[in-house]
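Hydrogens, waters and symmetry mates are skipped; everything else that's a heavy atom, side chains included, is used.
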Amino acid sequence: MDPSAAAEAEAVTAYSAFWREMERAYAAADVDASKLKDYASGVALVKTQVDTERMKKKGSSFSGGVTLTDSTVTQLDDSKKLLKAKLSSCLDVTKWVVLDKDKKPVALPSTRLTKYVVTATMERWADGWRVLTNTPQSGQPC
């Protein structure tokens, strides 16, 4: 496998691991209940910390999980010291359920988009890839 293809495969694997840890963080309403810091930094980590702190104050959490498909590296930049990648994926949140403080499912609008494109920017650090931004593409179904 050529180095670029190997780097792309590593980035996709790390992005999948990032989402597994996002599920754990949102289930506990606490980033520290996950290993998210092993896979995220910058805006991606801070946004999740803010979201989970807000959830903890409300007593809400998530159950179930997401399905990530069609993860593709759309750009790989090896021109600098740190390898950078941009990814695009289809995120399916159909089975990810918001729970209220009594652990009962929260009713959500039936018109909400449950399968949509999400993009990420990543860097490969000495100990692995980190997601720097994770951005839902609102209104862009997949």
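Between Tyr26 and Trp96, the ring-plane angle classifies as perpendicular under the 30° and 60° cut-offs.
At most 12 heavy atoms of other shown residues, nucleotides or ligands fall within 6.0 angstrom of atom NZ in Lys101.
Between Pro136 and Tyr116, the closest heavy-atom pair is CB-CE1, 3.7 Å. Counting all heavy atoms, side chain and backbone alike, Cys142 lies closest to Leu91 at SG-N, 4.1 Å. Taking every heavy atom of both residues into account, Val131 and Ala120 meet most closely at CG1-CB, 4.3 Å. Between Thr121 and Lys86, the shortest heavy-atom distance links the atoms CG2-CG, 4.0 Å. Residue Ala33 comes nearest to Arg24 through the heavy atom pair O-CB, 4.4 Å, listed as atom of the first residue, atom of the second, then distance. Shortest non-hydrogen contact noted between Ala29 and Lys56 is O-CE, 3.2 Å.
Looking at heavy atoms from C-beta onward, Val46 lies in side-chain contact with Gln49 at the 4.5 angstrom threshold. Considering only heavy atoms from C-beta on, Asp30 stays 4.5 Å or farther from Thr52 through its side chain. Side-chain contact between Met122 and Leu132 is absent, with no heavy atoms from C-beta onward closer than 4.5 Å. Contact annotation: the side chain of Asp127 approaches that of Arg130 to within less than 4.5 Å [non-hydrogen atoms, C-beta and beyond]. Between Thr13 and Trp129, the closest side-chain pair of non-hydrogen atoms is not below 4.5 Å. Contact annotation: the side chain of Gln137 never approaches that of Val118 to less than 4.5 Å [non-hydrogen atoms, C-beta and beyond]. Contact annotation: the side chain of Leu83 never approaches that of Asp77 to less than 4.5 Å [non-hydrogen atoms, C-beta and beyond].
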Practice task
Check the pair Glu23 / Val66 against side-chain contact (heavy atoms from CB on, under 4.5 Å), numbers first and verdict last.
Solution key: CA-CA 7 Å; Glu23 290 173 345; Val66 302; 3.3 Å; yes

Exercise for the section: Run the numbers on Val106 and Leu99 for side-chain contact (heavy atoms from CB on, under 4.5 Å), then give the verdict. Expected result: CA-CA 6 Å; Val106 173; Leu99 303 174; 5.8 Å; no

Practice task
Could you walk me through whether Glu123 and Lys84 pass the salt bridge (Lys or Arg N to Asp or Glu O under 4.0 Å) test, one step at a time?
Solution key: CA-CA 4 Å; Glu123 285 182 343; Lys84 296 183 184 233; 3.0 Å; yes

Exercise for the section: Show your reasoning for whether side-chain contact (heavy atoms from CB on, under 4.5 Å) applies to Val12 and Val73. Expected result: CA-CA 7 Å; Val12 167; Val73 174; 4.1 Å; yes

Exercise for the section: Run the numbers on Gln140 and Leu113 for side-chain contact (heavy atoms from CB on, under 4.5 Å), then give the verdict. Expected result: CA-CA 9 Å; Gln140 200 171 7; Leu113 195 56; 6.0 Å; no

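Rounding to the nearest 0.5 Å places CG of Asp102 at 11.5 Å from OG of Ser60. Note that SG of Cys90 and CG of Asp70 are 6.0 Å apart. Values are rounded to the nearest 0.5 Å. The distance from the CG atom of Asp38 to the OG atom of Ser41 is 11.5 Å, given to the nearest 0.5 Å. The distance from the CG atom of Leu36 to the CZ atom of Arg20 is 12.0 Å, given to the nearest 0.5 Å. Rounded to the nearest 0.5 angstrom, Leu68 CG and Ser16 OG are separated by 5.0 Å. Interatomic distance, Asn134 CG to Phe18 CZ, rounded to the nearest 0.5 Å: 4.0 Å.
Comment: Asp32 engages Lys37 in a salt bridge, judged by a side-chain N to carboxylate O separation of less than 4.0 angstrom. Using a cut-off of 4.0 Å between Lys/Arg side-chain N and Asp/Glu carboxylate O, Lys95 and Asp92 are scored as not salt-bridged. By the 4.0 Å N-to-carboxylate-O rule, Asp51 lies close enough to Arg54 to be salt-bridged with it.
Side-chain contact, Glu21 with Trp19: no donor N or O sits under 3.5 Å from an acceptor N or O. No hydrogens or angles considered: nothing links the side chains of Thr69 and Lys115 as a donor-acceptor pair under 3.5 Å. If you check the side chains of Thr74 and Ser88, you find no donor sitting under 3.5 Å from an acceptor.
Tyr39 and Trp125 fall into different hydrophobic clusters, where Ile, Leu, Val, Met, Phe, Trp and Tyr side chains are chained together by heavy-atom contacts under 4.5 Å.
The main-chain N or O of Ala44 is found under 3.5 Å from a side-chain atom of Thr48 such that the two form a donor-acceptor pair.
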